Amino acid sequence: MNIVKEQGVCGGRLIKLSHDSTSTKTCMNVNVYLPKQYYAQDSSRNRPIPTVVYLSGLTCTPDNASEKAFWQFQADKYGFAMVFPDTSPRGDQVANDPEGSWDFGQGAGFYLNATQDPYAQHYQMYDYVHTELPQTLDAHFNKNGAAKLDFLDNVAITGHSMGGYGAICGYLKGYAEKRYKSCSAFAPIVNPSNIPWGQKAFKGYLGDERAQWQAYDPCALIKNVKRVGDDKVLIHVGDADPFLEKHLKPELLLEAAESTSWEDHVQVKIVHGFDHSYYFVSTFVPEHAKFHAKNLGLI
Ligand SMILES: N[C@@H](CCC(=O)N[C@@H](CSC=O)C(=O)NCC(=O)O)C(=O)O
């Protein structure tokens, strides 16, 4: 991994990194926030700092949330690190949207492993985000002796819009192996098979066969994943979100959860007067941070 830049922010540092990915076969950018606890000379801390992974939405790079979500204050408050991955492979060799739109292709990888040409060669974002990136970060940050940062075991996941979808999908797909301790989402796409953004993406990346889409659709996954203990998924959506009725439709996840072990364990909070922007995301980051801090054993 190459450190591109280090940026002082709040009580810690934002490390901007790039690395060659074996999953996407491209150079990938990622931002990591190390909280103030990472830099404290406190030898009494007896376990590594847990991580919260934030998956961004359509058109984003690792910088959008790093600059506008204000996670860093919360990371310092509770003592977790943040990982902000990119939203797709990028570069001249990477296939893009033939229509030239922003809702598919570069900046819009949907956090899945594409099976269709010409996307399959580079769009392997599921493997990248959930397996390769955490292992690469562990190898980079923990190479000098005892692990100070936990990218592999004590990890939570969250995200916004397409990234909220990616978080819920990754959480449910990795649930049996306890990949993530908790999951939350801001204005997520919840049923990509049945909304225009998702149908375009799934058709392009996974092909026309709708049966193949089920493996990446939270509304299908939730029916087949058995909840354990008191696990909950926390979701906020603004009632002034311009994408609410056409692309987000959070009620579909509640309907899918009915009569499953997740009934009453998917909490959708519709918040009045908020849109889809980072004004909305940053307003509710403190509530999501507290939710994850509890599940990561920090409070
Ligand atoms: N560029 C588009 C707007 C795209 C947009 O709203 N992207 C959202 C995520 S939408 C779902 O995944 C986003 O997070 N944008 C980045 C930001 O910093 O706000 C247009 O021009 O309309």
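Note that ligands are numbered from 1 as they come in the structure, with each ligand's atoms numbered from 1 the same way. In this chain, residues are counted from 1 in sequence order. Only a predicted model underlies this, so the values are computations on that prediction, with no experimental measurement involved. Note that these values count all heavy atoms, side chains included, but never hydrogens, waters or copies made by symmetry.
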Which heavy atom of the protein is the closest neighbour of [atom], given with residue, atom name and distance?
atom: atom 6 (O) of ligand 1; result: Phe243 CE1, 3.9 Å
atom: atom 8 (C) of ligand 1; result: Leu58 O, 3.6 Å
atom: atom 22 (O) of ligand 1; result: Trp102 CZ2, 3.8 Å

Check each atom of ligand 1 against the heavy atoms of [X] and keep those under 4.0 Å away; list them by number with element.
X: His276; answer: 9 (C), 10 (S), 11 (C)
X: Cys60; answer: 13 (C), 14 (O), 15 (N), 16 (C)
X: His160; answer: 14 (O)
X: Tyr278; answer: 14 (O), 17 (C), 18 (O), 19 (O)

| note | Closest heavy-atom approach to atom 12 (O) of ligand 1 among Ser161, Ala69, Gly107 is made by Ser161

| field | Option of least heavy-atom distance to atom 19 (O) of ligand 1 (set: Glu67, Lys68, Met162) | value | Lys68

| query | Under a 4.0 Å N-O cut-off, is there an ion pair linking Lys200 with Asp97? | reply | yes

| request: In plain terms, say whether Asp20 and Lys25 are close enough for a salt bridge, that is, a side-chain N and a carboxylate O under 4.0 Å apart. | output: no

| query | Around Phe73, counting heavy atoms of other residues, nucleotides and ligands shown, do more than 12 lie under 6.0 Å from its CZ? | reply | no

| query | Is the Phe284 ring parallel, tilted or perpendicular to the Phe280 ring (thresholds 30°, 60°)? | reply | tilted

| request: Establish, yes or no, whether the cationic atom of Lys148 lies under 6.0 Å from the six-membered ring centre of Tyr38 and within 45° of the ring axis. | output: yes

| No-hydrogen, no-angle side-chain donor-acceptor test under 3.5 Å, Asn64 and Ser56 | no

| Any side-chain donor near an acceptor of the partner, Asp138 and Asn142, under 3.5 Å | yes

| message | Just to be sure I read this right, does ligand 1 sit under 4.0 Å from the backbone of Thr59, its side chain, both, or neither, counting only heavy atoms? | response | side chain

